[in-house]
Amino acid sequence: MLFSVVIPTCQRNDLLALCLQRLAPGMQQMSSENYEVIVTDDGTVSTAETLIRESFPWARWVQGPRQGPAANRNNGAKLACGEWLVFVDDDCLPDTLLLSSYHGARLDHPGVCVLEGRTYVDRPQRTLAECAPINEQGGYLWSCNFSIERAFFAKLGGFEERFRFAAMEDVELRHRLHDSGCLIPFVSEAAVCHPWRPRHPMKEVQRYRASLQLFIALRPESAQQFRFRAVLLVNIRQLLKVTLPSAVRLRGAGLPTALVEHFYTIYAALIRPLRPQ
C-alpha cells in the first residue's frame with residue numbers, strides 16, 4: 001500500500017464528514033487499493049465511531065490516546081500500513097489530486113523522505129475575526145497537510161507528545177527535520193482547502209504560550225526571538241503591515257478581535273517573560 005492518510009479528530013464530526021467525503025473511493029485520482037484512511041479519535045463527550053461505521057465504512061476508526069493532537073497523530077501513524085503517511089486535519093477539504101500529486105512527487109524526488117503540500121482558503125477573508133493556516137509557497141510544513149515516509153517518521157520519533165495543544169508541534173518537527181539535513185520539496189498540486197474559522201484570541205494565545213514554553217525548553221537557542229522586545233516588535237510590525245491595512249479593506253470587520261489578540265500576546269509576554277524551563 002502506498003499511502004496511509006492519518007486524520008486526528010476530536011468532537012468535530014460535521015467537519016470530519018466533509019473531509020472524509022473528499023477521500024472516499026472514487027473521489028481521489030488514485031485507486032482506493034493504494035491508500036487507507038485512519039481516523040484517530042480523541043473525543044470524550046462524543047466520538048466519530050458511529051459516523052465512520054454507518055457513513056464511511058471504508059475508513060478505519062481508532063480510539064486516540066486523549067493526550068493532544070501530537071500524540072493523536074502518532075497513534076494513527078503507529079497503526080498505518082502504507083509506505084508513506086499523509087497527515088490531514090479533520091477541518092480540511094482534500095483536493096481530488098492530493099494523493100496522486102504526492103505519488104508523482106515521490107517519483108520526481110527519489111531519496112526524499114518528506115513532502116509539503118499546499119493549504120489554501122475557500123474564499124476571500126470577510127472579517128479579521130476569522131483565521132486559517134494558509135500555505136501557498138511552502139516552508140511551513142503545517143501538520144494539516146504533509147506527507148512523510150512512514151519508516152523515517154518512526155525513526156524520528158514522530159511528533160513530540162508533550163505538546164498538548166495544536167500549536168508549535170509541527171514547528172518543532174520541522175526544526176528536527178532541518179537539523180537532520182532533510183530536504184522538503186513543496187508540492188503545490190497536493191492541496192487541501194482550509195476554510196476560514198472563527199478566531200478565539202484569548203484561548204488561542206494561552207494555548208500557544210503553553211506550547212511555546214515547551215518549545216523553548218526543547219530548543220533554548222530560540223528563546224531570544226520570543227523575548228518581550230521581540231514579541232512587541234513583531235506585533236507592531238504585524239499590526240501596521242497586515243492588520244490595519246486589512247481592517248481598511250474589510251471596513252473594520254472583526255478589528256476588535258484582532259486587536260485583542262495583538263494586545264493580549266504583548267501583555268502575556270510582559271507579565272510572564274518566556275524562558276527555558
Side-chain angles (χ1 to χ4, degrees), residues 1-103 115 117 119 122 132-133 141-150 153-154 158-161 163-167 169-170 173 190-195 197:
M1 184 177 294
L2 290 177
F3 293 110
S4 293
V5 182
V6 176
I7 306 175
T9 193
C10 185
Q11 296 169 189
R12 298 200 294 193
N13 286 4
D14 53 341
L15 300 177
L16 174 64
L18 296 175
C19 177
L20 290 173
Q21 288 171 10
R22 302 293 190 95
L23 293 167
M27 291 298 295
Q28 287 290 309
Q29 298 298 308
M30 173 179 282
S31 171
S32 59
E33 296 178 355
N34 290 326
Y35 70 93
E36 65 176 352
V37 176
I38 300 172
V39 176
T40 176
D41 193 340
D42 264 355
T44 53
V45 176
S46 64
T47 73
E49 184 177 11
T50 300
L51 171 71
I52 301 299
R53 183 176 64 251
E54 295 181 353
S55 301
F56 306 100
W58 44 266
R60 181 181 180 188
W61 179 91
V62 296
Q63 177 65 64
R66 296 173 177 169
Q67 296 177 2
N72 203 17
R73 293 189 188 97
N74 287 347
N75 182 61
K78 290 173 184 176
L79 300 171
C81 298
E83 296 177 31
W84 282 65
L85 305 170
V86 177
F87 288 102
V88 175
D89 281 358
D90 62 356
D91 59 347
C92 290
L93 303 173
D95 281 9
T96 58
L97 294 175
L98 177 72
L99 299 181
S100 60
S101 295
Y102 273 135
H103 178 51
L115 298 165
T119 304
D122 56 331
L141 201 72
W142 296 142
S143 55
C144 63
N145 181 19
F146 78 96
S147 183
I148 185 168
E149 192 176 49
R150 180 165 59 93
F153 183 77
F159 285 95
E160 171 55 67
E161 296 190 0
F163 287 97
R164 294 304 179 94
F165 304 112
E169 79 283 10
D170 43 10
L173 178 64
V192 302
C193 174
H194 190 295
R197 305 296 182 202

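- Here the OG atom belonging to Ser4 is positioned 5.0 Å from the CD1 atom belonging to Ile38, to the nearest 0.5 angstrom.
- Residues Arg66 and Thr44 have side chains in contact (heavy-atom distance under 4.5 Å, counting atoms from C-beta outward).
- Every residue was checked against the ring-ring contact (aromatic ring centres under 6.0 Å, His included) condition with Tyr35, not counting sequence neighbours, and none meets it.
- Checked for salt-bridge contact, Arg12 and Asp90 meet the test: a charged N lies under 4.0 Å from a carboxylate O.
- Annotation: side chain of Val39 is in contact with side chain of Leu16 (closest heavy-atom distance under 4.5 Å).
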> Should Asn75 and Thr40 be marked as a side-chain hydrogen bond (donor to acceptor under 3.5 Å, both in side chains) after you check the CA-CA gap, both sets of side-chain angles, and the distance that decides it?
Replying inline: CA-CA 7 Å; Asn75 182 61; Thr40 176; 2.8 Å; yes
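- For Phe3, the ring-ring contact (aromatic ring centres under 6.0 Å, His included) test picks out no residue, with sequence neighbours left out.
- Note on Arg73 versus Asp42: no salt bridge recorded, every NZ/NE/NH1/NH2 to OD/OE distance being 4.0 Å or above.
- The backbone N or O of Ala70 sits nowhere less than 3.5 Å from a side-chain atom of Glu160 that would complete a donor-acceptor pair.
- For the side chain to side chain contact (heavy atoms under 4.5 Å, CB included) test, residues two or more places apart in sequence or in another chain that qualify with Ser101 are Leu97, Val187, Glu189, Ala190.
- In this model, no donor atom of one side chain and acceptor atom of the other lie less than 3.5 Å apart for Gln29 and Thr96.
- Ring geometry for Phe153 against Phe87 counts as tilted: the plane angle lies between 30° and 60°, on a 0 to 90° scale.
- Residues meeting the side chain to side chain contact (heavy atoms under 4.5 Å, CB included) test with Pro195, sequence neighbours left out: Leu93, Asp122, Cys193, Arg197.
- From Glu83, atom CD reaches atom NE2 of His103 across 9.5 Å, with rounding to the nearest 0.5 Å.
- By the side chain to side chain contact (heavy atoms under 4.5 Å, CB included) test, Ala71 pairs with Pro65, Gln67, Glu161, sequence neighbours left out.
- The side chain to side chain contact (heavy atoms under 4.5 Å, CB included) check on Ser46 picks up Gln11, with sequence neighbours excluded.
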